[in-house]
Amino acid sequence: MTADKRFCSSSFLMYRTITDETKTFKEGVKPRLFKPDFEREPIENSFQLEESLKRQVEKAVSDGKAALALSGGIDSAILARFMPKSSTAYTFKCVVPGVQVIDETLAAARIAEECGLKHKIVEIYWEDFEQYAPLLMAHKGAPIHSIEVQIYKAGLKAKEDGFERLIFGESADCLYGGHDKLLSRDWTVGEFIDRYSYVRPYMALKDFVMVTEPVAKHAKDGFVDVHGFNSDVYFKESVGSYINALQATGVEFFSPYVNTYLNAKFDIERVRRGDGKYLVREVFKRLYENFEIPEKIPMPRPTNEWLKNWSGPKRDEFWPNCTVNMTGDQKWLVLCLEWFLNLLDDGKI
């Protein structure tokens with residue numbers, strides 16, 4: 001592997017991952033990157049998807065050592081229907097003292113009650129980030145996505161409760177047409193790079209490179225195949241975060257959606273008419289006839305509140321005051337990158 005701190009720092013800020021598996025931040029530190037190098041099941045319609053998810057969940061729970069990570073959305077709600085009665089379901093709840101933040105535990109509780117599951121709340125605090133982020137970065141060999149801390153804490157709780165694997169609804173969005181804002185229009189290559197980049201590297205780094213290959217390889221005639229990009233780059237980045245967090249606890253990550261792929265023409269016009277993730281929605285409607293489809297909420301992490309008073313990075317690689325006008329999620333990426341570089345310099349990774 002080639003040590004290339006400039007590339008890896010820029011890539012992480014843009015894509016939350018190192019997009020070139022031949023590169024690393026430091027010689028001798030090999031990043032853990034997800035490769036979908038296993039056979040996946042082709043899906044052509046919602047009935048095939050439902051049958052596949054049901055079969056996979058039933059196999060995963062057959063030894064009695066699996067629990068469900070239950071959000072307030074439809075992806076994990078579908079899986080909840082296939083869990084045995086009295087199975088355990090965990091829902092994350094981020095806590096900011098004195099501040100009301102996004103809370104999906106109520107929606108998840110409705111699903112758990114409907115399916116006869118034992119519902120447990122895993123509370124997440126900023127102190128958990130301070131405690132667990134360094135070990136997760138050391139395990140990954142790279143900076144981490146902010147969701148990894150809460151996944152790690154859920155893994156610890158599941159392990160304490162005697163479970164060996166956690167089942168997630170992860171990747172339904174990437175593979176089946178979620179992320180409707182990204183899919184809402186045709187994007188030129190330059191437009192999409194600007195739109196997708198979490199932090200444009202020149203906004204934070206003095207020495208940077210624009211990492212364009214992950215987008216360019218999904219372009220034709222100057223326009224980006226966004227569904228193809230989501231099913232490749234976004235998919236691998238997101239799944240890699242879950243796997244790293246749970247591997248560090250010794251608990252197995254399992255998502256039935258990850259083991260499938262859409263083997264039919266993607267109907268982007270249907271998504272643009274407001275029917276995002278249409279195959280998944282069809283399954284949900286069959287399984288929950290009397291339920292309204294819940295509004296999509298990303299996994300809650302109140303970075304705006306947690307990082308409101310952060311003064312920004314101090315290392316010389318970063319522009320002073322570069323985070324002044326950034327969102328909390330952007331600040332997290334810059335903070336995490338600086339944190340990781342400090343750990344490298346201190347010999348802790």
Side-chain angles (χ1 to χ4, degrees), residues 1-33 96 126-149 190 192-215 233-234 237-238 240-241 244-245 301-349:
M1 301 188 78
T2 303
D4 190 340
K5 186 173 74 172
R6 181 178 73 153
F7 176 91
C8 292
S9 296
S10 300
S11 179
F12 175 72
L13 291 180
M14 291 179 72
Y15 301 100
R16 295 190 304 211
T17 190
I18 300 172
T19 55
D20 185 340
E21 62 185 36
T22 70
K23 293 191 165 92
T24 179
F25 278 92
K26 182 179 180 180
E27 187 175 349
V29 177
K30 184 176 181 180
R32 293 175 185 263
L33 303 175
V96 181
W126 175 249
E127 290 76 13
D128 294 317
F129 283 72
E130 295 176 328
Q131 181 177 358
Y132 300 136
L135 68 87
L136 287 168
M137 286 190 269
H139 188 265
K140 195 171 195 173
I144 61 170
H145 188 324
S146 58
I147 63 172
E148 294 190 39
V149 169
F192 189 75
I193 290 170
D194 279 348
R195 170 63 181 82
Y196 186 85
S197 296
Y198 293 98
V199 176
R200 298 171 195 173
Y202 55 81
M203 300 296 291
L205 297 170
K206 296 176 184 177
D207 187 22
F208 66 90
V209 59
M210 290 299 293
V211 181
T212 60
E213 191 274 340
V215 175
V233 179
Y234 201 158
E237 175 266 313
S238 186
S241 298
N244 181 64
R301 47 191 189 277
T303 48
N304 285 334
E305 291 78 15
W306 281 333
L307 300 179
K308 180 180 180 181
N309 297 317
W310 182 51
S311 60
K314 305 303 179 190
R315 290 180 65 98
D316 190 55
E317 291 95 335
F318 299 91
W319 295 113
N321 298 309
C322 63
T323 60
V324 167
N325 295 313
M326 288 186 182
T327 66
D329 285 341
Q330 290 175 317
K331 287 179 180 179
W332 164 259
L333 293 173
V334 177
L335 181 153
C336 189
L337 175 57
E338 181 179 49
W339 199 348
F340 177 78
L341 293 175
N342 286 337
L343 291 171
L344 277 181
D345 288 350
D346 293 342
K348 295 180 179 178
I349 296 179

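One finds the OG atom of S10 at 11.5 Å from the CD1 atom of I18 (value rounded to the nearest 0.5 Å). From W310, atom CH2 reaches atom NZ of K331 across 8.5 Å, with rounding to the nearest 0.5 Å. Here the CG atom belonging to N342 is positioned 12.0 Å from the NZ atom belonging to K314, to the nearest 0.5 angstrom. A distance of 9.0 Å separates CZ of F12 from NE2 of H145, quoted to the nearest 0.5 Å. Taken from CG in L333 to OG in S197, the straight-line distance is 11.0 Å, to the nearest 0.5 Å.
A pairwise comparison of heavy atoms in P201 and L13 identifies CA-CD1, 4.2 Å as the closest pair. Residues V211 and Y15 approach most closely at O-OH, 2.6 Å, considering heavy atoms.
Without hydrogens or angle criteria, T327 side chain to Q330 main chain gives a donor-acceptor distance under 3.5 Å. Within the 3.5 Å criterion, the main-chain N or O of K5 finds a donor-acceptor partner in the side chain of S9. No donor-acceptor pair closer than 3.5 Å links the side chain of Y196 to the backbone N or O of V215. In terms of modelled atom types and a separation under 3.5 Å, the side chain of K206 and the main chain of D316 share a donor-acceptor contact. Remark: the backbone N or O of H139 is paired with a side-chain donor or acceptor of R32 at under 3.5 angstrom.
Atom CD of E27 has 12 or fewer heavy atoms from other residues, nucleotides or ligands within 6.0 Å. No more than 12 heavy-atom neighbours from other residues, nucleotides or ligands sit within 6.0 angstrom of CD on E21. Other residues, nucleotides and ligands contribute at most 12 non-hydrogen atoms within 6.0 Å of the CE atom of M203.
Here R6 pairs with D207 under the salt bridge (Lys or Arg N to Asp or Glu O under 4.0 Å) rule; sequence neighbours left out.
For the side-chain hydrogen bond (donor to acceptor under 3.5 Å, both in side chains) test with D20, the passing option among T17, T22, T24 is T22; the others fail.
Between F129 and L335 the shortest side-chain heavy-atom distance does not fall below 4.5 Å. Proximity of L337 to F25: side-chain heavy atoms (C-beta onward) are separated by under 4.5 Å at one or more points. Considering only heavy atoms from C-beta on, C336 comes within 4.5 Å of I144 through its side chain. Between L307 and W126, the closest side-chain pair of non-hydrogen atoms falls below 4.5 Å. Side-chain contact between I193 and M14 is present, with heavy atoms from C-beta onward closer than 4.5 Å. Looking only at side-chain heavy atoms (C-beta outward), I349 and M137 come within less than 4.5 Å of each other.
Note on ring orientation: taking the six-membered ring where Trp is involved, the planes of W332 and W339 are perpendicular (angle over 60°, cut-offs 30° and 60°).
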Stepwise salt bridge (charged side-chain N to carboxylate O under 4.0 Å, His left out) check, E338 with R315
CA-CA 7 Å; E338 181 179 49; R315 290 180 65 98; 5.5 Å; no

Check: residues 319-326 side-chain donor-acceptor pairs under 3.5 Å, at least two apart:
from: W319; atom 1: NE1; to: Y202; atom 2: O; distance (Å): 3.4
from: W319; atom 1: NE1; to: L205; atom 2: O; distance (Å): 3.1

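Under the salt bridge (Lys or Arg N to Asp or Glu O under 4.0 Å) criterion, the residue pairs touching residues 134-148 are K140-E148, with sequence neighbours excluded.
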